[in-house]
Amino acid sequence: MELHMKEVTSKASPEIRSLNLFKVKMSVVDCAALHYVLQFSPHRLEELNLGYSNIGNRAILESAVLKSNECQVKKLFMCGNNLGPEGVLELWKALEQNITLEELYLDITGITERGTENIVNCLSKNTSLKTLTIVGNDIGEVGKRRLRELGHRRPGLQIIGNFVDDLGLLNAYLDWVEEIRDDRDQMDSVKNADALQSILKGLRVGAGGENGEGGEGENTAKALELETKILELLNTPTHLAGVR
């Protein structure tokens, strides 16, 4: 981007099939550079992982890729970024006409009830999305009702609204909790502490279920294990982080 070598970028970027920037803290300049590169690669890029990359609500970057007629992205990871309602509203709009994205991960992204205002209208028209993970967000009762309506309109779409619903998700967060436990830098992060609180809240909501009934089997056991480890982690002084 700094060199503005369009010819080189247009030849190199299309070769990118997968872009993993998980936990890479991105500045405004980084986001601008990424946006510049992605303009030239939507027809080859299949997986984009921007989880916990600190991009905030700059969802216009992903929206531009998803709106492209040449878009081939099948998996998009946005978990742990503070998209907020404005950012996610842009994503829903982008997905209205998108025909390639199959998996979208938006866990712990600061989505509120307002962020679900157009989700039913937009995603009902989408035909490609198969999995939507939206756990760890405070969408309220209205947001939950909208997700149920979306589920009725799109019976082929798996909507993961509770941590207890998905064993793979529970295992992934168990691994992350262990990683934080061993890494003092991560322990000292206020954002990580907030994320852990969001997971706790999501686990407690999910454990009760919408009808007051808990889950069963391995998922429930994993959820209880995750809750216990998070509580231990949050109650551990930072100077003991990493000490077992």
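What you see below is based on every heavy atom in this structure, not just the backbone, and it leaves out hydrogens, waters and symmetry mates.
Considering only residues two or more places apart in sequence or on other chains, Glu102 meets the side-chain hydrogen bond (donor to acceptor under 3.5 Å, both in side chains) condition with none of them. Remark: Lys125 engages Glu96 in a side-chain hydrogen bond (donor to acceptor under 3.5 Å, both in side chains) (not counting sequence neighbours). Residues passing the salt bridge (Lys or Arg N to Asp or Glu O under 4.0 Å) test with Glu46, sequence neighbours excluded: none. With sequence neighbours excluded, no residue forms a side-chain hydrogen bond (donor to acceptor under 3.5 Å, both in side chains) with Asn121. Under the rule for a side-chain hydrogen bond (donor to acceptor under 3.5 Å, both in side chains), Lys93 has no partner lying at least two apart in sequence or in another chain. Shown here are the salt bridge (Lys or Arg N to Asp or Glu O under 4.0 Å) partners of Arg17, two or more places apart in sequence or in another chain: there are none. With sequence neighbours excluded, the residues forming a salt bridge (Lys or Arg N to Asp or Glu O under 4.0 Å) with Lys229 are Glu178, Glu225, listed by chain and number. Lys75 meets the salt bridge (Lys or Arg N to Asp or Glu O under 4.0 Å) test with no other residue; sequence neighbours excluded.
For residues 91-116, the ring-ring contact (aromatic ring centres under 6.0 Å, His included) pairs, not counting sequence neighbours, are Phe77-Tyr105. Sorted by first then second residue, the ring-ring contact (aromatic ring centres under 6.0 Å, His included) pairs that include residues 108-154, not counting sequence neighbours, number zero. Applying the salt bridge (Lys or Arg N to Asp or Glu O under 4.0 Å) definition to pairs two or more places apart or across chains, none involves residues 159-171.
Applying the 4.5 Å side-chain rule to ILVMFWY residues, one finds that Leu167 remains a lone member of its cluster.
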